[in-house]
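I have placed the structure first, in the form of structure tokens, so that the comments after it can refer back to it.
Only a predicted model underlies this, so the values are computations on that prediction, with no experimental measurement involved. Both ligands and their constituent atoms are indexed starting at 1 by order of listing.
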Amino acid sequence: MRALTVCPGQAGSIDLETVPPPPLSDGAVLVGTLALGICGTDRDIVAGKYGWAPPGGDRLILGHESLGRVEEAPAGCGFARGDLVVGIVRRPDPVPCAACAAGEWDMCRNGRYTERGIKARNGYGSELFRVEPDFLVKLEPALGHVGVLLEPASVVAKAWEHTLRIGARGADWKPRLALITGAGPVGLLAALIVKQAGMDVHVFDRNDSGPKPALARALGAAFHTTLGEIEPDVVLECTGANAVVLEVMDRAAPDGIVCLAGVSSGSRTLQFDVGEFSRATVLQNNVVFGSVNANRRHYRAAADALAKADKDWLARLITRRVPLAQWREAFESRPDDVKVAIDFTS
Ligand code: BGC
């Protein structure tokens with residue numbers, strides 16, 4: 001079968017290779033890949049800046065944003081041939097730590113978790129993959145190809161759940177105004193989920209060309225290219241861009257929460273007034289926290305959010321579907337891109 005493989009740490013090593021069929025040790029359910037979403041993490045791995053090969057080899061099958069159809073599943077495992085499915089990315093550490101033992105591998109405490117297509121486990125970027133039934137999520141069939149948005153939506157579902165949990169420390173905390181920074185796929189999915197929760201949503205992106213402003217407005221959110229005087233109850237920072245992170249860190253209203261959900265891909269030194277930040281954060285009971293990955297509960301919440309969303313709007317988020325034979329194009333950044341997916345069916 002064909003698979004997109006890469007030698008982590010080595011820029012330019014990505015290739016479409018012929019590899020053996022997936023081993024049974026990856027799981028009892030055999031899935032035929034329909035699509036693979038590409039994100040900043042994949043681009044960092046391709047650039048040699050991130051990623052780990054499975055033990056004993058130097059190449060990794062890339063891909064963690066999956067969508068496929070079940071080809072074979074053991075009787076009684078909860079899946080049947082033809083089901084539309086997405087594979088969960090992270091696996092618990094082998095110890096396991098208390099968080100992984102409780103099924104919260106997204107909160108792993110010893111860092112020994114693995115991630116398909118990212119950290120020491122082959123990913124989903126192959127024509128077939130195998131997966132354990134416990135790490136597979138079934139989607140409503142009507143979602144079709146937009147189901148490839150489930151993984152990024154799960155990351156947002158977790159960030160939102162944790163924001164609300166933290167907010168619950170204060171009596172009757174009812175957030176009203178949310179600021180989402182970044183109108184990429186994660187930012188726009190965040191706008192969707194937060195809007196579904198009934199909030200007044202403001203989306204910030206430094207760029208107002210292309211489809212992003214209209215996608216934000218179609219949700220009923222406001223779109224901004226400058227932050228102005230907005231004082232949000234909640235900030236979901238989805239750019240990972242250092243200057244934006246710095247700008248939003250002390251922006252929240254009293255009792256407000258800033259969730260950093262964008263993984264920064266490079267270091268940059270910026271001036272930061274620690275005293276001012278600490279003073280404002282303490283005096284206003286603010287929280288700045290980080291959120292990564294997602295567990296099964298978040299995948300389910302994300303699947304519900306996608307099922308409730310306007311399917312045409314979700315389809316507009318996928319601005320390019322690149323046939324597998326032209327896979328290189330999927331890793332090019334084009335100005336009007338939101339989500340780019342590789343189509344394994346063409
Ligand atoms: C993925 C997460 C993963 C994180 C860190 C993100 O792109 O969506 O599932 O945990 O990268 O590796």
Hey, does V288 have a side-chain heavy atom less than 4.5 Å from the side chain of M249?
yes
Do other residues, nucleotides or ligands put more than 12 heavy atoms under 6.0 Å from R169 CZ?
yes
Would V263 count as a contact of ligand 1 if the rule is a heavy atom under 4.0 Å away?
no
Atom 11 (O) of ligand 1: closest protein heavy atom, distance to 0.1 Å, is T41 OG1, 3.4 Å
Which residue and heavy atom of the protein sit nearest atom 4 (C) of ligand 1, plus the separation
V292 CG2, 3.9 Å
To the nearest 0.1 Å, how far is atom 3 (C) of ligand 1 from its closest protein heavy atom, and which atom is that?
E115 OE2, 3.4 Å
According to a hydrophobic-cluster definition based on side-chain heavy atoms being under 4.5 Å apart (Ile, Leu, Val, Met, Phe, Trp, Tyr only), do W327 and I61 belong together?
no
Who's the nearest protein heavy-atom neighbour of atom 8 (O) of ligand 1, and how far?
E151 OE2, 2.8 Å
Cation-pi check, R91 to F135: give yes when NZ or CZ is under 6.0 Å from the six-membered ring centre and within 45° of the ring axis, no otherwise.
yes
Find all atoms of ligand 1 within a distance of less than 4.0 Å from any non-hydrogen atom belonging to R90, and give their numbers and elements.
10 (O)
Taking 4.0 Å as the limit for heavy-atom contacts, which would you say applies to E65 with ligand 1: side chain only, backbone only, both, or neither?
neither
Main chain of E332, side chain of E329: is a donor-acceptor contact present, judged purely on distance under 3.5 Å?
no
Would you say E237's side chain and C259's backbone share a donor-acceptor pair under 3.5 angstrom?
no
Aromatic Y113 / basic K119 pairing, under 6.0 angstrom, 45° off normal:
yes
Under 4.0 Å from a heavy atom of C39: which atoms of ligand 1 are those, numbered in the order shown and with their elements?
7 (O)
Contact atoms of ligand 1, heavy-atom distance to Y50 under 4.0 Å
5 (C), 12 (O)
